[in-house]
Amino acid sequence: MNISPTLHSVSAPGKLILCGEHAVVYGYPAIALPVHGIRARVEVVAVEVGSGITFDAPDLGRNWRLRDAPDDPLSQVATAVIAHLGQPMPDLQLRITSDIPIASGMGSGAAIATVVVRALAGALGYVLSPDDVSALVYESEKRYHGTPSGIDNTVVAFEQPIWFVRGAKNQEPAEHLQVGQSPGPTITPIHITTPFILLIGDTGIRSATKLPVGEVRRRREAEPERYEQLFNQIGAIATRVRALLADGDITALGGLLTQNQELLQAVGVSSLELDRLVDVALGAGALGAKLSGAGWGGVMIALAQEDTVQRVQQALQVAGAVRVLTTRLERC
């Protein structure tokens, strides 16, 4: 097998959950968006024969050989890709970099796993479908998060706004994307008719997704009726948001995002830092704001208009956001 020493580069976007966090784990719908300007990247280089696969990840502060750390989640991703392709272990170095804040709710783990999958496949002369990439990355997500919804690997692999339903509830009849799982989730492209701007405020607090997800599971088991009501309301908001995006009613979208935040507070996954950034964004003129992701830290999002972007951004920075990113969702 001949592998070119020429660099082979791939990238994958970060992601945001617009609405539906936590309820999505239990079969209710969520809407997720790729953040194209914030990405993970891998460059592949052929190395000395017998080296096997090595990883150089300066953003993670790590450098290791697969053979020396076979249980590392990224080592396991690489091993799964090689097995999926039916190839012998190649001699390659994967140089991993990422703009995506780690443990922030922006899909850093899924994006890095996605670029590892695509880079290895591409270096060996294969182009995997988004379906196959998503399925391989989902297995990695389980190692990181315990019981992930499947939404991160899906939106990152397909790189488009999606309506996601994990299980049997609220099934959609048409336009499904496929993810190679049976029975699998319902994944439908989202139609956006009016562009809109989201500001992303990073609290700087890192929270592993599996921690709030696990705590919510425990609370739901203790109070099933209460949490089912909360999740049902969150799911209903996601359904309304989908219709508003199709209709182009961005002003009404803001109010629904803020309602979603209030429900996530009741679920128990917000934090003082997230609440402060949400309140400040609303006070500075944002149409709506909420946390995005698992919560207890990470990021929040604020829906802003062209004439309020700078004011909301400055307010978030003054309120303690360690960074404020901007993404524009276009028509699709």
Side-chain angles (χ1 to χ4, degrees), residues 14-24 30-33 35 37-38 101 104-106 161 190 192 194-207 212 216 230-231 233-245 247-330:
K15 79 93 180 56
L16 292 170
I17 297 183
L18 186 64
C19 54
E21 292 93 338
H22 288 283
V24 70
I31 294 173
L33 312 168
V35 184
I38 305 169
S104 65
M106 294 190 67
I190 285 287
I192 297 174
T194 300
F196 60 93
I197 300 169
L198 291 176
L199 293 175
I200 306 164
D202 186 356
T203 65
I205 298 171
R206 301 298 166 238
S207 176
V216 170
L230 290 170
F231 293 155
Q233 292 176 72
I234 291 172
I237 285 176
T239 300
R240 292 173 63 191
V241 166
R242 183 186 190 186
L244 290 178
L245 291 176
D247 293 340
D249 191 348
I250 300 305
T251 300
L253 170 63
L256 289 177
L257 296 183
T258 304
Q259 288 178 38
N260 197 163
Q261 169 65 12
E262 293 168 355
L263 290 166
L264 290 169
Q265 289 172 325
V267 168
V269 294
S270 194
S271 68
L272 292 176
E273 295 81 5
L274 286 165
D275 290 345
R276 180 171 63 251
L277 293 183
V278 166
D279 291 343
V280 163
L282 293 173
L287 296 174
K290 61 181 285 292
L291 69 85
S292 180
W296 289 4
V299 302
M300 52 74 68
I301 55 176
L303 178 64
Q305 297 172 298
E306 294 284 357
D307 60 349
T308 61
V309 167
Q310 186 172 2
R311 185 165 69 245
V312 175
Q313 182 178 36
Q314 291 175 344
L316 289 171
Q317 291 169 335
V318 170
V322 298
R323 79 189 86 187
V324 181
L325 307 169
T326 303
T327 186
R328 181 181 177 90
L329 282 302
E330 301 293 349

Asks: Under a 4.5 Å cut-off applied to non-hydrogen side-chain atoms, are Leu245 and Leu253 in contact?
Replies: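 Side chain of Leu245 against side chain of Leu253, heavy atoms only: contact under 4.5 Å found.
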
Asks: Restricting to non-hydrogen atoms, name the atom on Pro101 and the atom on Arg206 that form the minimum distance, rounded to 0.1 Å.
Replies: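 Pro101 and Arg206 have their closest heavy atoms at CB-NH2, 3.8 Å.
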
Asks: Is there a side-chain contact between Ile197 and Thr326 (heavy atoms, below 4.5 Å)?
Replies: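 Yes; the side chains approach each other to less than 4.5 Å.
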
Asks: Rounded at 0.5 Å granularity, tell me how far SG in Cys19 sits from CG in Leu257.
Replies: 7.0 Å

Asks: Is there any side-chain hydrogen bond (donor to acceptor under 3.5 Å, both in side chains) pair reaching into residues 260-278, and which pairs are they, with sequence neighbours excluded?
Replies: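 The answer is Gln261-Ser270, Gln261-Asp275, Gln265-Asp275, Ser270-Asp275, Ser271-Glu273.
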
Asks: Which heavy atom in Ala302 sits nearest to a heavy atom in Ala281, and how many Å separate them?
Replies: CB-CB, 3.8 Å

Asks: Can you pull out every side-chain hydrogen bond (donor to acceptor under 3.5 Å, both in side chains) where at least one residue sits in residues 292-302? Sequence neighbours excluded, please.
Replies: none

Asks: Mind checking the CZ-CD1 spacing from Arg242 to Ile192? Nearest 0.5 Å is all I need.
Replies: 12.0 Å

Asks: So, applying side chain to side chain contact (heavy atoms under 4.5 Å, CB included) with Leu274, which one of Ile205, Asp279, Thr203, Val269 is it?
Replies: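 Running side chain to side chain contact (heavy atoms under 4.5 Å, CB included) over Ile205, Asp279, Thr203, Val269 with Leu274 returns exactly one hit, Thr203.
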
Asks: Taking all non-hydrogen atoms of both residues into account, name the closest pair between Ile250 and Pro195 and its distance.
Replies: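 Closest approach of Ile250 to Pro195: CG1-O, 4.4 Å.
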
Asks: Where do Lys15 and Val35 land on the side chain to side chain contact (heavy atoms under 4.5 Å, CB included) test, with the steps shown first?
Replies: CA-CA 5 Å; Lys15 79 93 180 56; Val35 184; 5.6 Å; no

Asks: Using the test side chain to side chain contact (heavy atoms under 4.5 Å, CB included), find all partners of Ala236 that sit at least two apart in sequence or belong to another chain.
Replies: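 Expected list: none.
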
Asks: Which value, rounded to the nearest 0.5 Å, describes the distance between Leu263 atom CG and Thr258 atom OG1?
Replies: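 Leu263 atom CG to Thr258 atom OG1 measures 11.0 Å (nearest 0.5 Å).
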
Asks: Please list, chain by chain and in numerical order, all residues satisfying side chain to side chain contact (heavy atoms under 4.5 Å, CB included) with Asp249, sequence neighbours excluded.
Replies: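 Counting only residues at least two positions away or on another chain, Asp249 forms a side chain to side chain contact (heavy atoms under 4.5 Å, CB included) with Leu244, Thr251, Ala252.
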
Asks: Which salt bridge (charged side-chain N to carboxylate O under 4.0 Å, His left out) pairs, counting each pair once, include a residue from residues 287-308, with sequence neighbours left out?
Replies: Glu21-Lys290, Glu306-Arg328

Asks: For a quick test of your reading: what N or O donor-acceptor pairs under 3.5 Å do the side chains of residues 313-323 make, sequence neighbours left out?
Replies:
{"from": "Arg323", "atom 1": "NE", "to": "Asp202", "atom 2": "OD2", "distance (Å)": "3.1"}

Asks: Arg311: what forms a salt bridge (charged side-chain N to carboxylate O under 4.0 Å, His left out) with it, not counting sequence neighbours?
Replies: none

Asks: Please give me the minimum heavy-atom distance between Ala286 and Val312, naming the atom from each residue.
Replies: N-CG2, 3.8 Å

Asks: I need the Phe196 CZ to Leu329 CG distance, nearest 0.5 Å.
Replies: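 The CG atom of Leu329 is 4.0 Å from CZ of Phe196, to the nearest 0.5 Å.
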
Asks: For the residue pair Met300 and Ala289, what are the closest heavy atoms and their distance?
Replies: CE-CB, 4.1 Å

Asks: Nearest 0.5 Å, please: how far is CG in Leu230 from CG in Leu264?
Replies: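 Going from the CG atom of Leu264 to the CG atom of Leu230 covers 9.5 Å.
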
Asks: Are Leu16 and Ile200 close enough that some pair of their side-chain heavy atoms sits under 4.5 Å apart?
Replies: yes

Asks: Which value, rounded to the nearest 0.5 Å, describes the distance between Leu18 atom CG and Ile237 atom CD1?
Replies: 11.0 Å

Asks: Identify, with sequence neighbours excluded, every residue that meets side chain to side chain contact (heavy atoms under 4.5 Å, CB included) alongside Ala23.
Replies: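 Partners of Ala23 under the side chain to side chain contact (heavy atoms under 4.5 Å, CB included) test: Tyr28, Phe231, Ile234.
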
Asks: Identify the two heavy atoms, one from Val309 and one from Leu199, that lie closest to each other, and give their separation to 0.1 Å.
Replies: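 Heavy atoms of Val309 and Leu199 come nearest at O-CD1, 3.6 Å.
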
